[in-house]
Colleague: 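So that we are looking at the same thing, I have put the structure below in structure tokens.
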Amino acid sequence: MQIVEQENSWTVFAPGKLNLFFEVHGKRSDGFHEITSLACPIDLYDSLTFVPLNDDVLDFDCLGGGTDVPTDDTNIVVRALNLLKRETGSKQGAVVRLSKRIPSQAGLGGGSSDAAAALAVANRAWNLDLATDELSRLAAKIGSDCPIFFQPGASLSRGRGEIIEPIELPSLHFVVLKPTEGLSTAAVYAECMKYHDGNLRQPELVLNPLKNGDLDAFGRGLFNRLEVPAAALWAGFEETRRLFDRVDCLAVRMSGSGTAFFGLCRDAEHARTVAECLSRIANNTLVFRARS
């Protein structure tokens, strides 16, 4: 994430992400699922403006995002800031304005990224001086996806998402398609083990081809365990997926718990061509190019 300091205010740009590999190993005794995920940030950003206050008030509002994004104390940004205040004993406040560009209920990590961005900017604006590892630990209390956004690039996460290893990826080009329908992450996870075939995939399916510079084999290795339960819950899964059959992508996968799909492209020009084609044939669907 990028933080820009201005006079008396800060602006932080919170990226979305794509899951290039996602395996679910099972449900843990603490109620979370054990996962392995390779995620990369993409150049699609929410922005959060933060103006610190001396009194103990959080004035939060959200622009964009529609009715799916709450603006009260249940918003993930407000929850993150309240957690930070409790953990540090800070009595400072802020005026916080979130501008949403990352679609909600898409599997693109917008909410998790916003929460991580809020922790990072508040830590700086309130002069709390917490280390990144400590911020990441707090982020894990808000959501399993949140800690990956403290990484500057791609990462391989394990456990419930809190064990993170930075991964170096080349620049990759994608076209992302987000239909109007959304899916609840909790609902998709609740159905996951019912459809699990027991054949656990390994992230080397995507990591090894990248080491060898084999983009085609990398595309064949893309995997998302959550696609099957998502398809069971969402009647539009196959119809949305089939839109990519009419364009020439190296591979197509759903990101996270959906409902966004992404197509892997050969380069920037290929991504431009695919995006133009999908924009013509995908009615009422958001289509955009993204780069890792």
Side-chain angles (χ1 to χ4, degrees), residues 15-24 35 37-46 66 68 100-113 145 148 154 169 172-185 187-189 191-192 195 201 205-206 215-216 218-268 270-292:
K17 58 83 178 170
L18 295 176
N19 294 99
L20 306 179
F21 178 90
F22 197 94
E23 178 62 282
V24 181
I35 62 102
S37 171
L38 174 62
C40 68
I42 55 174
D43 54 355
L44 174 68
Y45 301 90
D46 289 343
D68 292 333
K100 289 292 296 177
R101 299 177 187 86
I102 303 170
S104 301
Q105 292 192 329
L108 300 177
S112 296
S113 186
D145 263 355
I148 66 172
L169 293 182
L172 298 169
H173 295 269
F174 305 96
V175 172
V176 182
L177 186 154
K178 170 60 174 75
T180 54
E181 301 94 335
L183 278 172
S184 159
T185 298
V188 175
Y189 267 106
E191 295 295 303
C192 181
Y195 296 97
R201 274 69 164 185
L205 286 170
V206 290
L215 193 61
D216 289 295
F218 168 74
R220 292 191 296 271
L222 298 179
F223 176 75
N224 185 353
R225 178 64 67 183
L226 298 181
E227 286 187 0
V228 175
L233 292 169
W234 172 35
F237 180 97
E238 287 298 335
E239 180 181 356
T240 304
R241 169 63 182 82
R242 282 197 298 269
L243 288 170
F244 280 93
D245 292 341
R246 299 167 66 179
V247 296
D248 177 31
C249 287
L250 297 178
V252 177
R253 281 295 175 206
M254 187 184 78
S255 183
S257 56
T259 53
F261 282 81
F262 63 90
L264 175 65
C265 299
R266 298 180 184 86
D267 51 35
H270 182 210
R272 186 177 297 109
T273 301
V274 169
E276 290 173 354
C277 182
L278 282 175
S279 295
R280 290 194 299 268
I281 64 176
N283 295 327
N284 300 318
T285 300
L286 177 65
V287 178
F288 57 90
R289 286 179 289 137
R291 189 174 62 182
S292 65

Colleague: Would a 4.5 Å heavy-atom cut-off, applied to side chains only, mark F21 and L205 as touching?
Modeller: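 Yes; the side chains approach each other to less than 4.5 Å.
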
Colleague: Start with the C-alpha distance between T259 and T180, add both sets of side-chain angles, then the distance that settles side-chain contact (heavy atoms from CB on, under 4.5 Å), and finish with yes or no.
Modeller: CA-CA 9 Å; T259 53; T180 54; over 6 Å; no

Colleague: Can you find a pair of side-chain heavy atoms, one from V274 and one from S279, that are under 4.5 Å apart?
Modeller: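 The answer is no, as the side chains (C-beta and beyond) never meet within the 4.5 Å cut-off.
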
Colleague: Given side chains that start at C-beta, do those of H173 and H270 come closer than 4.5 Å, heavy atoms only?
Modeller: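 Of all side-chain heavy-atom pairs linking H270 with H173, none is under 4.5 Å.
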
Colleague: Tell me, with the steps shown, if L20 and F218 meet side-chain contact (heavy atoms from CB on, under 4.5 Å).
Modeller: CA-CA 9 Å; L20 306 179; F218 168 74; 3.8 Å; yes

Colleague: Are side-chain heavy atoms of C249 and V175 found at a separation under 4.5 Å?
Modeller: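 No, too far: nothing below the 4.5 Å cut-off.
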
Colleague: Side chain of D145, backbone of G109: donor and acceptor closer than 3.5 Å?
Modeller: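 Flag not set: sc D145 to bb G109 has no pair under 3.5 Å.
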
Colleague: If you apply the rule side-chain contact (heavy atoms from CB on, under 4.5 Å), what do you find for S255 with L108, and how did you get there?
Modeller: CA-CA 7 Å; S255 183; L108 300 177; 4.1 Å; yes

Colleague: Shortest non-hydrogen contact from R289 to A275?
Modeller: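 Closest approach of R289 to A275: CG-CB, 3.7 Å.
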
Colleague: Quick one: closest heavy-atom pair of R291 and D43, and the distance?
Modeller: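 Result for this residue pair: N-OD1, 2.7 Å.
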
Colleague: Between L177 and F288, is any pair of side-chain heavy atoms under 4.5 Å apart?
Modeller: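 They are not in contact (no side-chain heavy atoms under 4.5 Å apart), so the answer is no.
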
Colleague: Check this for me, if you would: do E23 and R225 make a salt bridge, where the nitrogen-to-carboxylate-oxygen distance has to be below 4.0 angstrom?
Modeller: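 Salt bridge flag = yes for R225 with E23.
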
Colleague: Is any side-chain heavy atom of V188 less than 4.5 Å from a side-chain heavy atom of W234?
Modeller: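 Answer no - side chains too far apart.
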
Colleague: Nearest 0.5 angstrom please: K17 NZ to C40 SG, how far?
Modeller: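 Rounded to the nearest 0.5 Å, the NZ-SG separation comes to 9.5 Å.
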
Colleague: Check this for me, if you would: do D248 and R266 make a salt bridge, where the nitrogen-to-carboxylate-oxygen distance has to be below 4.0 angstrom?
Modeller: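 Judged by the 4.0 Å cut-off on N to carboxylate O distance, D248 and R266 do form a salt bridge.
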
Colleague: What heavy-atom pair brings C277 and V247 nearest, and what distance separates the two atoms?
Modeller: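 So the two residues come closest at SG-CG1, 3.4 Å.
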
Colleague: Kindly compute the distance separating OG (S37) from CD1 (I148), expressed to the nearest 0.5 Å.
Modeller: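 It comes to 6.0 Å.
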
Colleague: Taking all atoms of both residues into account, what is the closest heavy-atom pair of K100 and G111, and its distance?
Modeller: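 K100 and G111 have their closest heavy atoms at NZ-N, 4.1 Å.
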
Colleague: Is the ring pair Y189/F22 parallel, tilted or perpendicular, if the boundaries are 30 and 60 degrees?
Modeller: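 Geometry flag for F22 against Y189: perpendicular rings.
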
Colleague: When rounded to the nearest 0.5 angstrom, what is the spacing between CZ in R253 and CG in L226?
Modeller: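 So the gap between those two atoms works out to 11.5 Å.
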
Colleague: Answer yes or no: is there a side-chain heavy-atom contact under 4.5 Å between S292 and L18?
Modeller: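 S292 vs L18: side chains apart.
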
Colleague: For the CD atom of E239 and the OG1 atom of T285, what is their distance to the nearest 0.5 Å?
Modeller: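 Reported to 0.5 Å precision, the distance equals 8.5 Å.
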
Colleague: Tell me the closest heavy-atom pair linking V176 and A260, and the distance in Å.
Modeller: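 For V176 and A260, the tightest heavy-atom pair comes out as CG1-CB, 4.1 Å.
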
Colleague: Got a sec, which residues hit side chain to side chain contact (heavy atoms under 4.5 Å, CB included) with P41, two or more places apart in sequence or on another chain?
Modeller: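 By the side chain to side chain contact (heavy atoms under 4.5 Å, CB included) rule, P41 matches P15.
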
Colleague: Between NZ of K178 and OG of S104, what distance do you get to the nearest 0.5 Å?
Modeller: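 Reported value, rounded in 0.5 Å steps: 8.0 Å.
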
Colleague: Step through the shown structure and confirm whether more than 12 heavy atoms of other residues, nucleotides or ligands are within 6.0 Å of CZ on R101.
Modeller: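 Yes, because the 6.0 Å sphere around CZ of R101 holds more than 12 heavy atoms from other groups.
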
Colleague: R246: which residues meet the salt bridge (charged side-chain N to carboxylate O under 4.0 Å, His left out) condition with it, sequence neighbours left out?
Modeller: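 R246 satisfies salt bridge (charged side-chain N to carboxylate O under 4.0 Å, His left out) with no residue once adjacent residues are dropped.
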
Colleague: Got a donor-acceptor contact below 3.5 angstrom from the N224 side chain to the M254 backbone?
Modeller: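 At least one qualifying donor-acceptor pair exists.
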
Colleague: Distance check, rounded to the nearest 0.5 Å: L278 atom CG versus F244 atom CZ?
Modeller: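 CZ of F244 is found 5.0 Å from CG of L278.
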
Colleague: Does any part of the side chain of L243, heavy atoms only, come nearer than 4.5 Å to the side chain of I281, both counted from C-beta?
Modeller: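 In contact.
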
Colleague: Tell me the closest heavy-atom pair linking L286 and P103, and the distance in Å.
Modeller: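 Taking every non-hydrogen atom into account, CD2-CG, 3.6 Å.
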
Colleague: Can the ring centroids of F237 and F261 be said to lie less than 6.0 angstrom from one another?
Modeller: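 Judged by ring-centre distance (under 6.0 Å), F237 and F261 do meet the cut-off.
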
Colleague: Between N19 and L38, is a side-chain contact (heavy atoms from CB on, under 4.5 Å) present by the stated rule, with each step listed?
Modeller: CA-CA 6 Å; N19 294 99; L38 174 62; over 6 Å; no

